[in-house]
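Everything below concerns the one structure shown next.
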Amino acid sequence: MNKINEFLESLSNRELAYFIKFKRNKYSKETLILIDEFIVNRNLTQTKIDKLISPNFCASKNQTQLCPRCGSDNFLINSVQLTNNIRNSGGQNNMKSADNFFEIKVEKRDEVTCNVCDYLVKDPNNRRPRTKLSKYSIWNIFDWLLN
């Protein structure tokens, strides 16, 4: 059994539904064939998937170790470099001499991503995905100015 099948076997039907919705299309064509075969073997139809995905699901405050989007506890933890070290340094002057003036201190923190639906649970760099609304609003402003 290959890794993708092992991963899919470890998912509940609800987690598999979220995986299909948010993460399925990020795989290669060969892997997509394996995923689709697995879905057929599990007897998951589109209507069953839609029923399993509840739009108003929210992890309660007691369950902070669950993904707020899908409710899974299957996380991927990566160590990433902080991109804004000035904000995180607390304003301290770490330069002790002229010799280490150009020395760059790399600080790393854990980034936590849901392995089922690809939701970014914890981001040390506070990256915010650009929303469609802001993108279209900018184009609407340009359109309004030009007309």
Side-chain angles (χ1 to χ4, degrees), residues 1-46 48-139 141-142:
M1 187 180 283
N2 56 19
K3 287 185 178 188
I4 189 69
N5 279 339
E6 288 176 11
F7 173 69
L8 294 174
E9 282 288 336
S10 71
L11 301 178
S12 67
N13 281 347
R14 186 168 191 279
E15 289 175 330
L16 185 60
Y18 276 94
F19 174 82
I20 292 166
K21 181 175 181 178
F22 292 104
K23 209 170 170 181
R24 177 188 171 272
N25 293 330
K26 295 184 180 184
Y27 289 92
S28 67
K29 290 180 183 180
E30 296 83 17
T31 307
L32 281 175
I33 293 170
L34 294 173
I35 293 171
D36 290 339
E37 288 174 1
F38 186 83
I39 294 168
V40 169
N41 291 339
R42 272 259 183 114
N43 290 330
L44 283 179
T45 61
Q46 189 61 42
K48 287 182 182 178
I49 291 170
D50 291 339
K51 286 180 184 178
L52 288 169
I53 296 174
S54 59
N56 58 357
F57 175 79
C58 180
S60 67
K61 293 180 181 178
N62 301 3
Q63 300 171 335
T64 55
Q65 295 181 355
L66 297 178
C67 174
R69 182 192 282 167
C70 69
S72 175
D73 61 351
N74 190 345
F75 295 114
L76 179 65
I77 301 173
N78 291 321
S79 180
V80 295
Q81 179 179 344
L82 288 179
T83 57
N84 190 357
N85 282 345
I86 295 171
R87 175 179 51 90
N88 296 317
S89 66
Q92 297 172 350
N93 187 359
N94 294 331
M95 188 171 53
K96 294 180 180 139
S97 68
D99 294 337
N100 64 358
F101 180 73
F102 292 107
E103 184 178 315
I104 298 172
K105 181 181 178 184
V106 176
E107 191 174 344
K108 293 194 174 204
R109 299 248 173 99
D110 286 341
E111 176 185 77
V112 181
T113 308
C114 178
N115 207 16
V116 174
C117 68
D118 227 16
Y119 183 81
L120 193 58
V121 177
K122 180 181 175 190
D123 183 14
N125 289 318
N126 294 324
R127 292 172 292 174
R128 302 272 189 259
R130 189 173 181 183
T131 62
K132 291 181 182 179
L133 179 65
S134 65
K135 176 181 164 184
Y136 293 125
S137 297
I138 292 170
W139 287 113
I141 292 169
F142 285 130

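Note that the structure is a prediction, hence the values are computed from the model and not measured.
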Salt bridge (Lys or Arg N to Asp or Glu O under 4.0 Å) with E111: which residues, sequence neighbours excluded? R127

Side-chain contact, heavy-atom cut-off 4.5 Å: L66 with S72? no

Side-chain contact, heavy-atom cut-off 4.5 Å: L8 with L34? no

Step by step, work out the side-chain contact (heavy atoms from CB on, under 4.5 Å) result for R24 and D36. CA-CA 9 Å; R24 177 188 171 272; D36 290 339; 2.9 Å; yes

State, to 0.1 Å, how close E15 and D73 come at their nearest heavy-atom pair, and which atoms those are. OE2-N, 4.2 Å

Heavy-atom closest pair (K23 atom, D118 atom, distance to 0.1 Å) is CE-OD1, 4.0 Å

Non-neighbouring partners of N13 that pass side-chain hydrogen bond (donor to acceptor under 3.5 Å, both in side chains), sequence neighbours left out: R42

Between L44 and L52 the two heavy atoms that sit nearest each other are CD2-CD1, 4.0 Å

For N74, which residues count as a side-chain hydrogen bond (donor to acceptor under 3.5 Å, both in side chains) partner, sequence neighbours excluded? none

Looking at CG of L16 and CD1 of I49, how far apart are the two atoms once the value is rounded to the nearest 0.5 Å? 7.0 Å

State which residues pass side chain to side chain contact (heavy atoms under 4.5 Å, CB included) with Y119; sequence neighbours excluded, sorted by chain then number. C67, P68, R69, C114, C117, V121

How far does CG of D123 sit from CG of D110, to the nearest 0.5 angstrom? 12.0 Å

For the pair E37 and N41, evaluate side chain to side chain donor-acceptor pair (under 3.5 Å) and give the outcome as yes or no after the intermediate values. CA-CA 6 Å; E37 288 174 1; N41 291 339; over 6 Å; no

Partners of T31 by side-chain hydrogen bond (donor to acceptor under 3.5 Å, both in side chains), sequence neighbours excluded? S28

If the condition is side-chain hydrogen bond (donor to acceptor under 3.5 Å, both in side chains), which residues does T45 pass it with, not counting sequence neighbours? T47

Is it the case that E9 and N5 place a side-chain donor and acceptor less than 3.5 Å from each other? no

For residues F38 and F7, establish whether the separation of their ring centroids is below 6.0 Å. no

Once rounded to the nearest 0.5 Å, what's the spacing between atom CD1 of I53 and atom NZ of K21? 5.0 Å

